[in-house]
> 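Take a look at this one; I'll ask things after.
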Amino acid sequence: PSFGAKPAAAVTADDVANVCRKIKARGSLVQAQRTKTAIGGVYEWGRTNFLVKINPAKLVPNQLEVKSKRTRTPTSDELAALWMAVDHPSRLTKAMRILFKLAILTGQRRKEVAGAMVAEVVGLDTPSPTWVIAVSVEKAGRVVTEGRMKNKSEQRVYLSRQAAALFDDAIKTCSDGVYLFPADLHRLPSAQNGKTRLPHLHGESVTKAMARLCAAAG
């Protein structure tokens, strides 16, 4: 709305910076960065489709200090302590306990594990059990099959004996037939009327559970 009826090609870096400046003045630094990123994403799409020549957001500095990538690796003792904490039945639901162990054994991100689908797990009763996380399939510019990988490359995770056993347990005891870890409707506030943001356990729920686990495990 701040750009009004300006043609896309007429929007300048100053316009983008002014929008971010107003948001930062409210104390919303994260929102300012997200706004810059969103505008930049639209213009990158426009450039690849030959609708505009430049991306004005590229000339605007980041609104937040960009943190370097995390390089810390958990020690064997830390992983052992976390595994033991996961096994404590009063701290987590069974679905969340299996989810954490699969994350440790497969090295996959929380969202990939939380959104794991029954159809993605193949060959559990064979010598080569595999978890195949698919990408979206497009035809004529339209998504016909929704995938889950961000980098547009199918991920094939070859499962250890322990991971395969956990997947099998999840399918038999936690799954709703589609997702291994469906959203827990019993824990919803009554105001949500049984509606969840995602049909499976949310990544934020995993993060909160991780914080409780780390505190419990010391």
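Bear in mind the structure is a predicted one, so any value in this text is a computation, not a measurement.
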> When rounded to the nearest 0.5 angstrom, what is the spacing between CD in Glu44 and CD1 in Ile39?
13.0 Å

> May I ask whether Leu180 and Val132 are part of the same hydrophobic cluster, defined by side-chain heavy atoms of I, L, V, M, F, W, Y residues being less than 4.5 angstrom apart, directly or through others?
no

> Give a yes or no answer on whether the side chain of Thr130 reaches the backbone of Ser128 with a donor-acceptor pair at less than 3.5 Å.
yes

> Would you say Phe167 and Val122 are hydrophobically clustered, going by side-chain heavy atoms of ILVMFWY under 4.5 Å?
no

> When you measure from the side chain of Tyr179 to the backbone of Ala114, do you find a donor-acceptor pair of N or O atoms at a distance under 3.5 Å?
no

> Within the side chain of Asp168, is there an N or O that forms a donor-acceptor pair under 3.5 Å with the backbone of Ala164?
no

> Roughly how far, to the nearest 0.5 Å, is CD1 of Ile104 from CG of Leu166?
10.0 Å

> Are more than 12 heavy atoms, taken from residues, nucleotides or ligands other than Arg91, located less than 6.0 Å from that residue's CZ atom?
yes

> Atom NZ of residue position Lys6 - does it have more than 12 heavy atoms of other residues, nucleotides or ligands inside 6.0 Å?
yes

> Are any side-chain N or O atoms of Asn62 and backbone N or O atoms of Leu64, one a donor and one an acceptor, separated by less than 3.5 Å?
no

> Between Asn18 (side chain) and Asp15 (backbone), is there a donor-acceptor pair under 3.5 Å?
no

> Is Trp83 atom CH2 crowded by more than 12 heavy atoms from other residues, nucleotides or ligands, each under 6.0 Å away?
yes

> Is there a chain of hydrophobic side chains (I, L, V, M, F, W, Y, each step under 4.5 Å between heavy atoms) that links Tyr43 to Leu59?
no

> In this structure, would Val118 and Val113 fall into the same cluster of hydrophobic residues linked by side-chain contacts under 4.5 Å?
yes

> Indicate yes or no for a side-chain donor-acceptor contact from Gln33 to the backbone of Gln63 under 3.5 Å, with no hydrogens or angles considered.
yes

> Test Gln155 against Gln108 for side-chain hydrogen bond (donor to acceptor under 3.5 Å, both in side chains), laying out the working first.
CA-CA 10 Å; Gln155 179 92 323; Gln108 295 302 302; 3.2 Å; yes

> Just verifying a value: how many Å separate Met96 CE and Leu201 CG, rounded to the nearest 0.5 Å?
5.0 Å

